[in-house]
A.B. asks: 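Mind looking over this structure? Questions follow.
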Amino acid sequence: MWTVAEVNHQRIVELTLLLLAAFITLTTVAIAAVAESPNIDWSAIPYLAVLLVLWAVSHLSLRKWAPSANGLLFPITAFLQGIGIAFVLRIDSDLLIGHLVWSAFSTCGFISVIAGIRDFKRLKNFQRPLGLIGLLLIFVPTVMKLIDGEIGSYRSFQISSVAIDPGPLGTLCLIIFFAGWLATYRSRNTAEYLGQAEPLEGDPSRFIPLIGAWLIASIAVIFQSDISSAFIIVAIFLSMWWVAVGRPLDLAVFLTAIIGSVLLAVNNVPELQERFAAWTDPWSNPQFGEAIYRSTFSLAGGGLTGTGPGEGAADWVAGATDQLAFVPIAEELGFIGGSAVLSSFLLLTGVALSLATVARQEFEGLSAIGIAIFFASQAWAPIAVALRLLPPNDVSLPFVSSNGSVLFTCSIALAFLLKISETAPDAPDPTQILPHISPKPESTA
Amino acid sequence: MTRRLVHVGIAFLAVYGLLFFRLEMVQIVSAENIRKHPENSRQIRLDFDAPRGSIQTADGEIIAKTVAVSGPRNRLRQYPYGSLYSQVVGFISAEHGGSGIERSHNGFLAGNDLSVRIQDTRDLFIDQARTGQVELSLRHDVQLVTRAAMAGHEGTVVVIEPDTGSIWGMWSNPHFDPNHLASHDLSAAAIDFNTLDSDSAQPLQNRAEYQGVEIGSLFTVVTAAAAIENNLSDIIIPTTETFPASSDLPIITNPDGNKCGGTIKSLMINSCRSGWATIGNEIGYDSLKDVTKRFGLIDNDPLQSQNSLPGTASPASLASSASHAAVGMSMRLTPLQVATLFATISNGGSQIQPRLVNRVRAHDGSITHNFETQVLNQSVSKETASELLGLLSENVINGDAAGLQLNDVPMGGLLASSFSQSNHLWMVSLAPVTRPEVVVAVLLEGDDFDDRQIAEATIAGISRRITEAVLRLPSPTLGES
């Protein structure tokens with residue numbers, strides 16, 4: 001079906017790096033197993049085999065439906081996912097089966113995006129329904145719990161034994177919506193400038209993403225006591241808006257409003273106060289503080305080279321497979337392993353941002369920025385909690401944590417990025433500098 | 001647009017730089033300090049499931065051991081004598097860290113200490129559990145006697161051998177059963193821990209080492225030492241009933257309102273607080289402070305047994321006037337400090353570091369660490385010390401420690417009672433007073449005695465029982481290897 005001649009070099013890069021990621025994952029599991037870790041035995045092998053099959057299927061579908069997509073993105077996320085699975089296996093192997101089902105589900109989502117969306121810019125036509133869905137997904141759990149009469153922190157709700165966290169998926173939908181909105185704003189602005197359209201004095205369009213981000217972040221902070229998801233939303237929309245519009249005065253007003261909301265919440269929401277108290281003095285509040293000081297002790301116990309996989313006190317920290325998934329990795333693989341994970345996220349963000357510079361359409365470029373910052377901030381928030389840079393929160397580490405619904409969202413976002421990268425001109429191939437002859441995937445068949 | 005994209009990129013690089021910086025701070029730069037943090041129970045948590053050496057008393061009784069069990073965790077820490085050693089040996093728990101010897105000597109017990117782990121180079125290549133066995137100075141027989149004597153009372157007893165600083169007995173009530181905390185049933189252990197931890201009587205605390213209590217007239221032995229050094233031993237103090245209050249300190253009265261005076265011998269026999277206050281004035285504040293300092297009672301953190309965990313008790317301080325200081329007002333000492341003070345006097349004025357651990361053995365039985373007798377300083381001269389012993393002996397023959405008298409052994413002792421704010425009592429006994437082999441410090445707390453004489457008789461009875469039993473017990477085979 002595929003011959004060597006037809007394979008884009010991006011896919012060769014991808015395959016090579018995927019093999020490396022598989023090697024690292026298997027080595028980590030093997031070392032942990034040798035270290036007398038009670039959770040790992042031969043029954044782990046089928047799980048790992050399923051993981052490798054999922055990667056292979058994703059890789060093959062990229063070959064079929066998006067052969068010229070960027071070859072770095074998928075292996076980076078695969079590496080993170082593999083490390084995550086290795087540590088889930090070592091800490092609590094009971095979680096693994098559910099995690100693998102979610103992985104399979106995520107791979108299905110990934111492939112349907114890769115195969116189903118032929119041209120990413122067509123999503124712009126669906127921006128309004130997507131925006132609506134995004135708002136619903138972000139606020140449905142809040143509304144549901146408000147109806148039940150509980151007010152407090154919650155980002156996920158349970159359907160039987162499956163925890164679903166719709167927030168990130170809603171954020172992803174809103175990214176598409178705002179990318180479309182800002183692209184429209186920019187094209188009209190350009191038309192206005194060129195005299196092809198009537199000038200619209202005091203056009204409010206450019207404020208909409210800022211006001212939206214402010215509202216969503218304020219609601220997250222005040223009603224969900226969730227300063228980290230507020231941080232994520234602000235970071236994403238501020239970045240997109242700054243690239244598209246970039247007016248310092250608006251920025252100043254926006255930041256003032258955000259700080260006002262946060263101060264209001266800190267002074268009035270008891271749970272947020274508790275979280276802040278646990279952040280400034282972890283001993284004062286065992287409920288939130290325990291995980292913080294245990295994280296610090298675990299990280300310090302790891303040192304430069306770590307205790308080695310399977311040798312740390314990983315299950316000592318609550319949330320070691322989810323929000324604080326970074327802690328056991330940095331403890332057992334040390335500063336070196338922790339830096340590798342941090343660098344992977346940085347690289348992922350960097351590649352995604354560089355896609356924005358070469359994207360043909362502003363809609364695609366802005367979407368790429370949104371998704372890049374989505375990954376970057378979604379990863380930054382939980383790691384910052386482990387390092388006591390942010391108050392404790394419930395954000396799951398993308399790809400690494402065992403939280404399946406976040407993995408699903410991130411896989412969809414990754415598929416979007418790959419679709420965007422496919423339409424971006426590939427620099428080494430001179431024929432692709434001219435956008436209109438960019439080859440369709442089917443043209444090679 | 002590209003320029004502003006670069007802004008975003010730089011901003012996120014900076015924010016991630018913050019993460020790298022913090023990670024380096026936590027994992028490398030200040031990692032050593034964080035590992036040594038007193039609340040850091042990670043290492044104990046790691047060692048909870050690991051092979052672990054046993055702890056035994058000087059007379060060979062095993063009081064903490066790890067046994068093989070079935071289940072997801074295959075090792076269980078057991079304390080065969082339950083609460084008998086709870087405060088000294090402490091506990092080890094999956095969720096709540098550890099305390100006592102289990103924590104302070106964790107490196108040896110878990111085999112993290114290299115000298116325990118590696119006997120010779122061949123050991124580097126053999127994969128085998130290597131743990132250290134810790135041998136305490138505590139004696140099982142002494143501990144049993146102490147518990148029996150203290151049955152039904154709240155308080156603390158420290159039994160110490162003066163010339164080596166070996167602690168033979170250390171018992172306090174309330175206590176706890178470490179077996180519950182070492183349980184594999186983590187939720188049950190958590191409930192037990194939280195109950196004990198929130199108990200206002202603080203059963204988890206080792207009171208003998210970490211809880212300072214006002215010692216009152218026990219301090220007169222230090223005042224007497226200062227008086228002897230200042231050649232005031234023959235001074236005759238006029239008979240008084242009270243010592244007047246000064247600006248911010250209360251009046252000093254005698255028990256039962258007695259009138260007393262005379263030489264320091266008669267002051268001691270009659271517990272003449274007003275007389276001691278007068279003599280304190282004669283000695284002067286600086287001289288009194290100097291002697292107190294040489295006994296190691298003030299300015300430093302309270303003396304603890306060798307290698308024990310740092311405590312939270314604050315250093316004791318002298319009252320601000322010489323006369324109030326002389327009767328021990330507001331002087332708060334731990335039972336171990338009191339026992340060490342009298343052990344120093346018994347030992348010719350030379351202060352020995354008290355210790356709970358005699359030696360550590362490797363897995364093959366060879367000794368890797370031998371904790372020798374360690375002299376801290378010469379607090380007072382031999383002559384002064386022997387004069388003090390004479391006073392203490394006189395106090396048993398004619399004074400308020402008469403309840404300590406034994407038929408065939410000359411005893412020394414001192415009693416402190418009638419505190420204004422609480423109704424605790426102290427008694428220290430030394431036997432035989434000619435050349436003391438054992439010092440017993442007893443602190444009784446929480447008993448609601450209506451009658452002071454009954455209270456004094458009770459504590460004298462407890463002290464006498466313990467001292468007599470310890471003297472008659474066969475000496476343990478110490479010093480073999």
Side-chain angles (χ1 to χ4, degrees), chain A residues 36 38-39 186 235 238-240 242-246 282-283 293-307 311-313 315-317 326 330-331 334-336 338-339 342-343 345-346 349-350 353-354 356-357 362 365-366 369 372-373 376-377 379-380 383-384 386-389, chain B residues 1-51 71-75 93-97 112 127 129 186 190 193-194 197-198:
Chain A
E36 289 181 79
N39 291 332
R186 276 182 66 86
L238 199 58
S239 308
M240 291 170 70
W242 179 254
V243 174
V245 181
W283 309 103
Y293 60 72
R294 287 190 173 181
S295 297
T296 307
F297 290 154
S298 291
L299 290 173
L304 176 66
T305 52
T307 58
E311 304 269 6
D315 51 346
W316 188 51
V317 180
F326 180 74
E331 180 193 3
F335 177 71
I336 296 169
S339 303
L342 277 180
S343 309
F345 281 116
L346 208 51
T349 311
L353 282 179
S354 72
T357 62
E362 289 198 327
L366 289 169
I369 293 168
I373 304 302
S377 51
W380 193 85
I383 297 176
L387 296 171
R388 267 188 87 187
L389 286 170
Chain B
M1 191 164 152
T2 312
R3 189 170 53 85
R4 291 200 295 264
L5 186 60
V6 171
H7 295 168
V8 171
I10 289 173
F12 263 81
L13 212 56
V15 168
Y16 266 76
L18 213 58
L19 286 190
F20 278 106
F21 173 72
R22 273 292 295 174
L23 189 63
E24 188 188 328
M25 287 306 287
V26 171
Q27 291 210 281
I28 296 168
V29 178
S30 53
E32 201 53 46
N33 291 336
I34 297 174
R35 272 177 228 145
K36 285 183 186 150
H37 192 283
E39 299 281 349
N40 192 345
S41 51
R42 174 180 168 275
Q43 192 59 47
I44 279 267
R45 171 71 185 78
L46 271 180
D47 295 332
F48 180 70
D49 292 333
R73 300 171 186 274
N74 46 15
R75 294 184 193 88
S93 147
E95 287 290 322
H96 303 99
N112 301 333
D127 187 33
L186 298 187
F193 179 83
N194 291 331
D197 196 36
S198 57

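Throughout, protein chains are lettered first and strands after them, A, B, ... in sequence-line order, and every chain is numbered starting at 1.
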A.B. asks: Can you say whether the rings of B:H37 and A:F297 are parallel (under 30°), tilted (30 to 60°) or perpendicular (over 60°)?
C.D. replies: tilted
A.B. asks: Select, from B:I28, B:I34, B:L23, B:N33, the one with the greatest count of heavy-atom pairs under 4.5 Å involving chain A.
C.D. replies: B:L23
A.B. asks: Can you tell which part of B:V15 gets under 4.5 Å to a heavy atom of chain A, answering side chain, backbone, both or neither?
C.D. replies: both
A.B. asks: Kindly indicate whether the side chain of A:L238, heavy atoms from C-beta on, has any atom under 4.5 Å from the side chain of B:V8.
C.D. replies: no
A.B. asks: Of all the heavy-atom pairs spanning B:F12 and A:S377, show the shortest one and how long it is.
C.D. replies: CE2-N, 4.1 Å
A.B. asks: Would you give the length of the straight line joining atom CG of B:L5 to atom CE of A:M240, rounded to the nearest 0.5 angstrom?
C.D. replies: 12.0 Å
A.B. asks: Go through the atoms of A:L387 and report whether side chain, backbone, both or neither lie under 4.5 Å from a heavy atom of chain B.
C.D. replies: both
A.B. asks: Under the side chain to side chain donor-acceptor pair (under 3.5 Å) rule, what pairs show up with a residue in residues 298-307 of chain A, not counting sequence neighbours?
C.D. replies: none
A.B. asks: For each of A:A384, A:S339, A:A379, A:G350, tally heavy-atom pairs with chain B at distances under 4.5 Å, and name the one with the top tally.
C.D. replies: A:S339
A.B. asks: Counting only heavy atoms closer than 4.5 Å, note whether B:S41 contacts chain A via side chain, backbone, both or neither.
C.D. replies: both
A.B. asks: Does any heavy atom of chain B fall under 4.5 Å from the side chain of A:I369, the backbone, both, or neither of them?
C.D. replies: side chain
A.B. asks: Heavy atoms, side chains only, cut-off 4.5 Å: are B:Y16 and A:S343 in contact?
C.D. replies: no
A.B. asks: Only counting residues at least two apart or in another chain, list the ones meeting side chain to side chain contact (heavy atoms under 4.5 Å, CB included) with A:S295.
C.D. replies: A:V317, A:L324, A:V327
A.B. asks: Heavy-atom distance under 4.5 Å to chain B: side chain of A:A386, backbone, both or neither?
C.D. replies: neither
A.B. asks: In Å, rounded to the nearest 0.5 Å, how long is the span from OG1 of A:T296 to CZ of B:R42?
C.D. replies: 12.0 Å
A.B. asks: Just so I understand: if I count every heavy-atom pair under 4.5 Å between each of A:E362, A:R388, A:R186 and chain B, which residue has the most?
C.D. replies: A:R186
A.B. asks: May I ask you to name which of A:T349, A:L353, A:I373 has the most heavy-atom pairs under 4.5 Å with chain B?
C.D. replies: A:I373
A.B. asks: Below 4.5 Å, heavy-atom pairs only: which of A:V243, A:L304, A:L389, A:I383 has the largest tally toward chain B?
C.D. replies: A:V243
A.B. asks: I'd like to verify something: which residue of A:A372, A:A300, A:A235 has the highest number of heavy-atom pairs under 4.5 Å with chain B?
C.D. replies: A:A300
A.B. asks: Using non-hydrogen atoms only, which part of B:E24 is less than 4.5 Å away from chain A: side chain, backbone, both, or neither?
C.D. replies: both
A.B. asks: Shorter than 4.5 Å, heavy atoms on both sides: which option in A:A376, A:A244, A:S239 has the most such pairs with chain B?
C.D. replies: A:A376
A.B. asks: State, yes or no, whether a side-chain contact exists between B:L19 and A:F345 at a heavy-atom distance under 4.5 Å.
C.D. replies: no
